[in-house]
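Everything below concerns the one structure shown next.
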Protein chains: 2
Amino acid sequence: MADKLFNDTFDLPDINHMNKIVTLKDIAKALNLSISTISKALNDSYEISEDTKKKVLSYAKYHHYSPNRMAKGLKEGKSRSIGVVVCSLENNFVAQMLDGIDSYSSNKSYQIIIMQSKESAQQEIACLDLLYAGGVDGILISPASQTVDFSYLVTLQKAGLPVVLFDRLSDHIDTHKVGADNFRGAYDATVHLIDNGYKNIAHLNTNTILSIATERLNGYKQALYDRNITYRPELLRSCDYSNPKKLHQDLEAAIHYYMSLEVRPDAIFTATDQISTRCLALLNKMGYHVPGDVALIGFTNTDLADALNPALSTVNQPAFEMGQIAASKLISLIEAKIPVTEFETIMLETKVNVRASTQK
Amino acid sequence: MADKLFNDTFDLPDINHMNKIVTLKDIAKALNLSISTISKALNDSYEISEDTKKKVLSYAKYHHYSPNRMAKGLKEGKSRSIGVVVCSLENNFVAQMLDGIDSYSSNKSYQIIIMQSKESAQQEIACLDLLYAGGVDGILISPASQTVDFSYLVTLQKAGLPVVLFDRLSDHIDTHKVGADNFRGAYDATVHLIDNGYKNIAHLNTNTILSIATERLNGYKQALYDRNITYRPELLRSCDYSNPKKLHQDLEAAIHYYMSLEVRPDAIFTATDQISTRCLALLNKMGYHVPGDVALIGFTNTDLADALNPALSTVNQPAFEMGQIAASKLISLIEAKIPVTEFETIMLETKVNVRASTQK
DNA sequence: CTGTTAGCGCTTTCAC
DNA sequence: GTGAAAGCGCTAACAG
């Protein structure tokens, strides 16, 4: 089956790791045809006779020929790969989006290269650098919470590299953006709390400048306003999202703070996956009863929501879909025949799932 | 800053997406030197004068030169990328391992390309095919639960592609393997249950033939044996791991079955992340009190264990470390000067975390 | 110390 | 209908 016929060119010192890959040259030699004929045959060119095509195809198949991605990429100036920059792999919500990205990209025969910014703007630049140098055809990015400067991304874009933002959006770059309707999600969650009789609703958010945070804050404020509840600034706290330890500390401090207020909150609306689940764990650990002492609803996509103590009311985002759409937008940009100048921002619907944590 | 000086070669129809990348040629032209001189200067060759090096380096830096990965890869027969095949991205445990792999690989300037088998052996082959064709320097794989035939992987290995197994190991291929001490983890968990007074301990496992399942089963059996508890085969059930829906059905059926036995189990030891958390959710949903009606301990790395209802006793695996070590083993194989024939299997320690779900 | 040259695997004119 | 040749960006052997 595996023959050694064509590997005489590989008699080099490091032959040990040389993949015995069949090349066009090998096929050409074996079939007594020229390399270009083989190439054309495999690409089903009209210039080649059916007979030859058949011969070439069958030989190629039998010998497991598959084109060298790098050679093709070098030649064509494209790599059929896209770079994906996320805050972290170890994040359920991110994983769901990546799954969506992967699903769409694989279908279109694009490879994805995932890099983690770990919420650091500097690390993010490093990722972008590597991806750019690596020759990706486009970038899909959900910026780090610490990112304030999008100029590098804009530079890459100006240099001709298509960029699409997903999940965490920003006005500092003009391109396709795919996110959730964060305002609406926050609004719905807050209204849900109010309609269930909660009046003193705290809001725990992140310290990022990304729109994701302000939109959620605004949704919360608007709901209060619409229901004639006075916004109490002291019920708004934000947590440092730059690293897990800091987040944990800030969360703990926030809860202590809330519980020391003369008018304690009777409910908390949390703005992100990490904050929501950690907050619940902390409330439990600190001995507060949810929802007895304080109700809790938060943005999170964890599929463990119903197994939590108590089952956690959540605002869900269509993460998988978000990934798919982002990938489709990027690939459409990559494959566009003419430069695209009209960009769109797509907002996907969120969904409130009511569970025990907000049922008095 | 961004100059248009060197892009006259790119006047093609699809110039719109052409990255204005500086090449060796461009630098050579600009500095009036030869391409090879530039190449050597950038690679800090001893053949080049300090003066020239300085000039080249500064020009390169200023113009953001970065070598074309594909050209370099094509030339050197290496891509400095490694393929990673996992069952799913959307799996907390997997994400932690990927994080470890990424951490080590990034340090060594290897790019990782992640593909999902979705527990399908067929899909797995497709992934391997793509990775092989894509020119990765090596493969890191945690086989799909449905995989029974490792011959394709062996073929790739024989063709010179280094392969390292992680997490889910198999005897059907001889290579470096990095996993957890599953026997010991299962043993410890079962002993913990017994020592806490549980006598009728059920074991919920997967339907895979991978050693990960049998090792855990054996650890469970050995613990029973060592503590003089008769192994009751009817307390062993396995769930179809090929898709989430099937898994859920099987789990539900298993719990129904357990609870219908004349001698009900008073504790369950679950073998995997998915089974452990889903089992808890189902027990809650079906109205059983944990640990009152039945105690539960399971393999899982979820960081939500303490927020679950009740807090879940777990067997933890050093997932991040496992990823790191697997990556290091693979890279050592890739960079080995002589063919490696002696392989090792590394077993990392697991840790039992006792929480409320096993406290009578 | 620097330059010339060949070639990695592929596509793509342009000849025949 | 087929083939020769150039070239994508890079490295390395060999000349000078």
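Everything quoted here is computed from the prediction, not taken from an experiment. Lettering follows sequence order; numbering is per chain, from 1.
With the nearest nucleotide of DNA chain D identified for both B:T37 and B:L74, B:L74 has the one nearer the 5' end. Heavy-atom distances to DNA chain D give each of B:E47 and B:M70 a nearest nucleotide, and the one nearer the 5′ end belongs to B:M70. The 5' end of DNA chain C is approached more closely, in terms of each residue's nearest nucleotide, by B:I48 than by the other of B:I48 and B:A71.
The residues B:K53 and B:E47 are annotated as not salt-bridged, no charged nitrogen and carboxylate oxygen being separated by less than 4.0 angstrom. Using a cut-off of 4.0 Å between Lys/Arg side-chain N and Asp/Glu carboxylate O, B:K118 and A:D99 are scored as salt-bridged.
Nearest heavy-atom pair, B:S39 versus B:L24, reported as atom, atom and distance to 0.1 Å: CB-CD1, 3.7 Å.
A donor and an acceptor atom, one from each side chain of B:D26 and B:T23, are located under 3.5 Å apart.
Set against D:dC14, D:dC10, C:dC10, the side chain of B:P67 has D:dC10 as its closest nucleotide. In this structure, of D:dC10, C:dT2, C:dC14, it is C:dT2 that holds the atom nearest to the side chain of B:T52. Side chain of B:I35, nearest nucleotide from D:dG3, C:dC10, D:dT11: D:dT11. Closest approach to the A:S36 side chain among C:dT12, D:dT2, D:dT11 is made by C:dT12 (side chain taken as heavy atoms from C-beta onward).
Rounded to an integer number of Å, the gap from CD1 of A:I38 to P of C:dG9 is 15 Å. Between the P atom of C:dT2 and the CD1 atom of B:I27 lies a distance of 15 Å, rounded to the nearest Å. Between A:N43 atom CG and C:dT11 atom P the separation is 5 Å, expressed in whole Å. One interatomic measurement links the two molecules: CZ of B:R69 to C1' of D:dT11, which rounds to 17 Å at whole-angstrom precision. Between the P atom of C:dC10 and the CG atom of A:L24 lies a distance of 4 Å, rounded to the nearest Å. Between A:K25 atom NZ and D:dA5 atom P the separation is 15 Å, expressed in whole Å. The interatomic distance linking A:E76 (CD) with C:dT12 (P) rounds to 6 Å, in whole Å. Rounded to whole angstrom, the span from the NZ atom of A:K75 across to the P atom of C:dC10 amounts to 12 Å.
Between B:S39 and D:dC10 there is no side-chain polar atom (N or O) within less than 4.0 angstrom of OP1 or OP2. Side-chain N/O atoms of A:Y65 include one lying less than 4.0 angstrom from OP1 or OP2 on C:dC10. Phosphate contact (OP1/OP2 of C:dT11, side-chain N/O of A:K40, threshold under 4.0 Å): absent.
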For this session: Take B:I48 and B:T37 through the test side chain to side chain contact (heavy atoms under 4.5 Å, CB included) and record every step on the way to the result.
Result: CA-CA 7 Å; B:I48 306 295; B:T37 302; 3.9 Å; yes

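Within 4.0 Å of A:S49, counting heavy atoms only, lie sugar-phosphate atoms of the nucleic acid but no base atom.
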